[in-house]
Structures are given as structure tokens and as C-alpha cells.
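In what follows, every heavy atom counts, from backbone to side chain, and hydrogens, waters and symmetry copies are set aside.
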Amino acid sequence: MNSIPQQNHAAPNSHTESQQLQAVEREQEDESHRLLPTSASPSSDAVLIKTVERFEDDDQEAAYEAREKILIGDFELDSPNSSSVPPFSFKKLWLFTGPGFLMSIAFLDPGNLEGDLQAGAIAGYSLLWLLMWATAMGLLIQLLSARIGVATGRHLAELCREEYPYWAGIVLWFMAEVALIGADIQEVIGSAIAIQILSRGLLPLWVGVLITASDCFMFLLLENYGVRKLEAVFAVLISTMALSFAWMFADAKPSTKELLIGLLVPKLSSRTIRQAVGVVGCVIMPHNVFLHSALVQSRTIDPNKKGQVQEALNYYTIESSAALLVSFMINLFVTTVFAKGFYGSKQADSIGLVNAGQYLEEKYGGGFFPILYIWGIGLLAAGQSSTITGTYAGQFIMGGFLNLRLKKSVRALITRSCAIIPTIVVALVFNKSESSLDVLNEWLNVLQSIQIPFALIPLLTLVSKEQVMGVFKIGPTLERAAWTVAALVIVINGYLLLHFFLSEVNGLLFGFLVSAGTAAYVAFIVYLVSHSNSELSNWLSQFVPKSFSYSGN
């Protein structure tokens, strides 16, 4: 008797559950139809528009929005297994080509060209080996920057904001902005000097600065046409530099034997130590480390699929290596031209970016196409391209560290204004003599050298963390090599800073301020290293109080 009611009770429950399942399935099907544009009703169109707007708002601070990214064809077809890597393809290499060449512009900016010509004029061919190895060190750092961008889907400034406490993130952002403004002043002044050369002195320096400032609007216009168009413009500028300086190289006819000896036989003397420091110090630009980690995200890559990430890293390694080979050849051309023309001459110690064109004209004369104009064209291409990449880097640095809800165009204008206003002031104040601009350039080099640890240490900290990189964290051997390179660069720049301050710092008050600033500077570097969980940080932890170190958010 009791079993019958139980059966009757069970049947309605089963029927009710079946109805609920069907209702859920119908609801899911209706929801999927609402998301399909082809079958959307008027009301669902509004839902779709709101959904898209919400995702665009959420994606505002991404390095590139989904619609801006370049689609790598047959990613899924070539790699059905997300952990496998398909065979090499020249077509895909071409699609990945671009970010590395934009990154390589920092190795060719006017500040680097001035370091090249001074190294050639004062040290001759003897520092070519150092230029080659410094470029190789720069390649290692930039490959790590690309690695962190591809593997995480976020760029270095964003990751720093998440990794460090608020106060440390603000300090890092401030240092990155200062480095960027210092680099931009050099680049804009370099472009203005080139415009002055090409106009035969008709246009003063401050007019050249204003002309160069307008490249921001060209950049914004180009960006609207897509990443590929922007990369094509940079390819033209790099080709212009390569052709100009190769032409100068052919005109100068440097000694092939001395060139090869300079590349293969390391030489360093006390007389050329300052130029050697300058060669190494110019290779690693703080803003460029942040920039490359964002540029690689212009391609559609799913960080959750190991095969896609590894394939992208392989292609970016090839592309970045090729780009820095081109930049090395351009730097080589400039160094050897000035080594052939001015090494051992009375002008060697006084040559700089401002008077280099005049000295070239006096040395090599006119010819079919005067070398003065060739130098001016190459310098203009270097200055214009580096100022545009500076604007690009400024967007990512500001957006990543501060998480600002601003459009890219607004951030670009803010970044450009921060650099152009002090540059115009500099052009008006320091345009009195060539020597004053050379002094300014030395101070700007010091300013950028100070900032190098605040880009390198966070990069090496993050790229070594499994919580951040997953399986793509670098191994212990590569980690030691990277920290060795970073330590070498920091020590070399430390020597430059010490030498500069010993010669320039006068007066008790100024000396006290420099000493206090140096103490705070070293303390922050120690903090960053102790945060890194590297072998160096383990050694430092024996001397640093635990309350000073920070284990993460």
C-alpha cells in the first residue's frame, strides 16, 4: 500500500526535472540566437550593441584592441594540438615581421648616432667589437621583453602595476616617463638639427622642433589605417637610414682590414674608456624595454595555447635578430666613416651631432650628391622614426602603469606635449652654441642611464616567475645570463655616472643633494632586486631587513 504513493510521487518529480532541463536548453538556445547577428531581433540588436560597447570599454587599456590586431592565418589549422608547433613558414614570418623593426629604431636614434661618431672619431675602429657585443646584449634583453608580452598577453607596464605595491609602481612609472622625455628631447633635437642642415641654416632649431612635433599627428593618422601601414612607414625610414649611411660608407672607403680587426680583436685603452661606456650605455633604452612587450601583441595570439605562443616566440626571435642586424650595420657604417675621416685629427675631440655635417663636408667635399645632405637625410629619418616610437611607447607606459581610461589618441597627445614643451625650451635656451648642446646631450645621457635598472630589474623579475609566465618562464641558465648582462650594463652606467658627477658636481649643497639622491636611488634598486626571488636577491636578503622586501600582491 505504501509503495504505490511513492511511485506516483516519483513520476511527477522525474517529469518536473525533464521539463526543467528542456527549459534550460531552450533558454541557452535562445541566448545563443540572440548573440548571432544574422538572426537577431531588434531588441537583441540593442543587447548585442551594449555587449560590444562593454567589451570595448573593458579592452580600452589593452595594448591593441581586437579589431586592430593582425590575424595570423591558419593558426588553428596548422596546430590542432595547442601544444604542438607547426613547421616553419616564410608566409607566417612575414606576418610576424614588424614589431622587431619598430623596436630596433631605439638602437638608431640621434643619441646613438652621436655615440657612434664620437667612438669612431676618438677610438677609431677599436670599439667595433664592443658595438657588436653590446648589440647582442641588447637583443637578449629585447627577446625577453617580447617573451613576456607574448606569453602573458600583457605588456611590461601592466604587469609592473600588478606585481609591485602602489608606491613602487608610481616610482617606476615616474622613472620611465623621465627616461622617455630625456630620450625624446634628444630625438627631437636630432631631427631639428637635420632640418637645419637640409635647409642650409635657413630654419632655426626651434622651428625644426615644431616641425618634428607635428609627427604626432602623422602618427595618429597612420594608426587609423592599421598597424601594417604604420610598420610600412617605419620600413621606409629604416631603409632611408640604411641607404644614406651605406652611401657615406662607400664614399669614405674605410679600411677593410682595420674594420675586421676592430670587429674580431677586443681592444680597450684608458683614453677610449668613456666612448666604450657610451657604446654600451646607448644600446639599452628603458622605454624600449616597455615598448617591445606591447608591440608583439599586435598579432592575434592566444596565451593559453602553448603551440601558438612558442610559434610566435620563434618567429619574433628571427625577426628581432634580423632587425638588430640591420641596426648594427647602420651603426657600423657611421662609426667607420668617422673613424676613417677623423681618427687622430684635431677635430676628433670636438666633433658632435651639431657640427658633424660641417666636418663631413670639409673632409669629403661635395661630389655628385654632397655628403652633408646624405648625413642630413639619414639623421632626419633617425630622428623622425625615433620620436614616433617614443610617442608609441609613452602611450603604453602611461596606460599600463596608471590604468587610465583614455583613448589612445588622447594619451598620444599628452605624451607628445610632455616631451615637446621642454624640448622647445631646450632649443631656445641651448641654441647659443654647439658646446652648450653637447653639454645638454651629456646630461640627457646621464638621465637615461639612471633609469636603466628600473626597466631591466622588473623585466628579469617577471620573466623568471612561474606565476606570471607559466611554462614559458626562463630557465636557470638563461636567467643567470640575463642577470649578468643586466649587472654589467648597470655597472658600466654606474661608472659613467660616477665619472660625470665627479667632474660636474661642485659646491657643498649640490654635493649633499646628489649624495642623498644617490642613497635613495641605490636603496630602491636593492628593493627591486630583493623582490625578484633570484640568486642575487637571496644573497641580498642576508643584509636587507625582511620588512624592506616585498613578496608580491
Side-chain angles (χ1 to χ4, degrees), residues 62-108 135-136 138-140 142-153 155 219 221-243 246 288 291-303 305-330 381 384-386 388-389 392-393 396 472:
Y64 294 89
E65 296 177 10
R67 61 182 174 80
E68 296 177 311
K69 294 188 177 185
I70 297 170
L71 183 65
I72 305 298
D74 298 335
F75 235 158
E76 294 300 324
L77 294 176
D78 288 352
S79 184
N81 181 355
S82 63
S83 62
S84 64
V85 179
F88 175 81
S89 164
F90 280 103
K91 180 182 177 181
K92 279 192 179 179
L93 177 60
W94 172 248
L95 291 173
F96 277 104
T97 299
F101 282 90
L102 266 69
M103 168 273 295
S104 71
I105 293 295
F107 290 72
L108 299 168
T135 305
L139 175 62
L140 173 61
Q142 295 303 147
L143 289 180
L144 293 180
S145 176
R147 186 183 190 92
I148 203 170
V150 173
T152 65
H155 56 84
F219 159 73
L221 179 65
L222 288 172
E223 195 178 29
N224 290 332
Y225 287 98
V227 174
R228 214 60 174 151
K229 301 291 190 303
L230 184 65
E231 291 172 350
V233 170
F234 279 99
V236 171
L237 291 171
I238 292 174
S239 300
T240 302
M241 279 186 274
L243 289 172
N288 206 39
L291 175 64
H292 200 195
S293 65
L295 290 175
V296 294
Q297 294 175 45
S298 59
R299 273 60 176 170
T300 304
I301 302 163
D302 187 350
K305 295 186 177 179
K306 298 178 185 177
Q308 284 193 16
V309 172
Q310 187 58 59
E311 184 180 14
L313 291 176
N314 293 345
Y315 285 117
Y316 280 135
T317 300
I318 297 171
E319 184 242 5
S320 298
S321 301
L324 288 193
L325 177 61
V326 172
S327 73
F328 168 70
M329 293 303 299
I330 292 174
Q384 289 292 324
S385 56
S386 56
I388 298 175
T389 54
Y392 221 20
F396 298 129
F472 290 100

Could you grab the distance from atom OG1 of Thr152 to atom CZ of Phe472, nearest 0.5 Å is fine?
-> 11.5 Å
Side chain to side chain, Leu108 and Ser386, heavy atoms closer than 4.5 Å | no
Just jot down the side-chain hydrogen bond (donor to acceptor under 3.5 Å, both in side chains) partners of Gln310, sequence neighbours excluded, or say none.
-> Asn314
Heavy-atom nearest pair, Val150 first then Ala312, reads CG1-CB, 3.9 Å
About how many Å separate CD1 of Ile238 and CD1 of Ile105, when rounded to the nearest 0.5 Å?
-> 3.5 Å
Residue pair Phe101 / Thr97: nearest heavy atoms and the distance that separates them = CE1-CG2, 3.8 Å
Is His155 close to His292 at the side-chain level, that is, under 4.5 Å between some pair of heavy atoms?
-> no
Could you go step by step and tell me if Leu291 and Thr389 meet the side chain to side chain contact (heavy atoms under 4.5 Å, CB included) rule?
-> CA-CA 8 Å; Leu291 175 64; Thr389 54; 4.2 Å; yes
CE/Met241 to OG/Ser104 distance, rounded to the nearest 0.5 angstrom?
-> 7.5 Å
Using atom types as modelled and distance alone, determine if a side-chain donor or acceptor of Ser320 lies under 3.5 Å from a backbone N or O of Thr317.
-> no
Applied to residues 96-107, the salt bridge (charged side-chain N to carboxylate O under 4.0 Å, His left out) test, sequence neighbours excluded, yields none
Donor-acceptor pair, side chain of Gln308 and main chain of Pro303, under 3.5 angstrom | no
Non-neighbouring partners of Glu231 that pass salt bridge (charged side-chain N to carboxylate O under 4.0 Å, His left out), sequence neighbours left out | Arg228, Arg299
Would you confirm whether Ser293, through its side chain, and Ala146, through its main-chain N or O, come within 3.5 Å as a donor-acceptor pair?
-> no
Does Asn288 reach the main-chain N or O of Met103 with its side chain, forming a donor-acceptor pair under 3.5 Å?
-> yes
Measuring from Ser239:OG to Leu237:CG, what's the distance to the nearest 0.5 Å?
-> 8.5 Å
Without swapping roles, check the side chain of Tyr316 against the backbone of Arg147 for a donor-acceptor pair under 3.5 Å.
-> no
With Ile318, which residues qualify under side chain to side chain contact (heavy atoms under 4.5 Å, CB included), at least two apart?
-> Phe88, Leu93
Check the pair Glu319 / Tyr315 against side chain to side chain contact (heavy atoms under 4.5 Å, CB included), numbers first and verdict last.
-> CA-CA 6 Å; Glu319 184 242 5; Tyr315 285 117; over 6 Å; no
Under the side chain to side chain contact (heavy atoms under 4.5 Å, CB included) rule, what do Phe96 and Val296 come out as? Steps first, then yes or no, please.
-> CA-CA 8 Å; Phe96 277 104; Val296 294; over 6 Å; no
For Phe107, the ring pair (Phe, Tyr, Trp, His ring centres under 6.0 Å) test, sequence neighbours excluded, returns none
Does Thr135 have any side chain to side chain contact (heavy atoms under 4.5 Å, CB included) partners at least two apart in sequence or in another chain, and if so, which?
-> Leu131, Leu324, Phe328
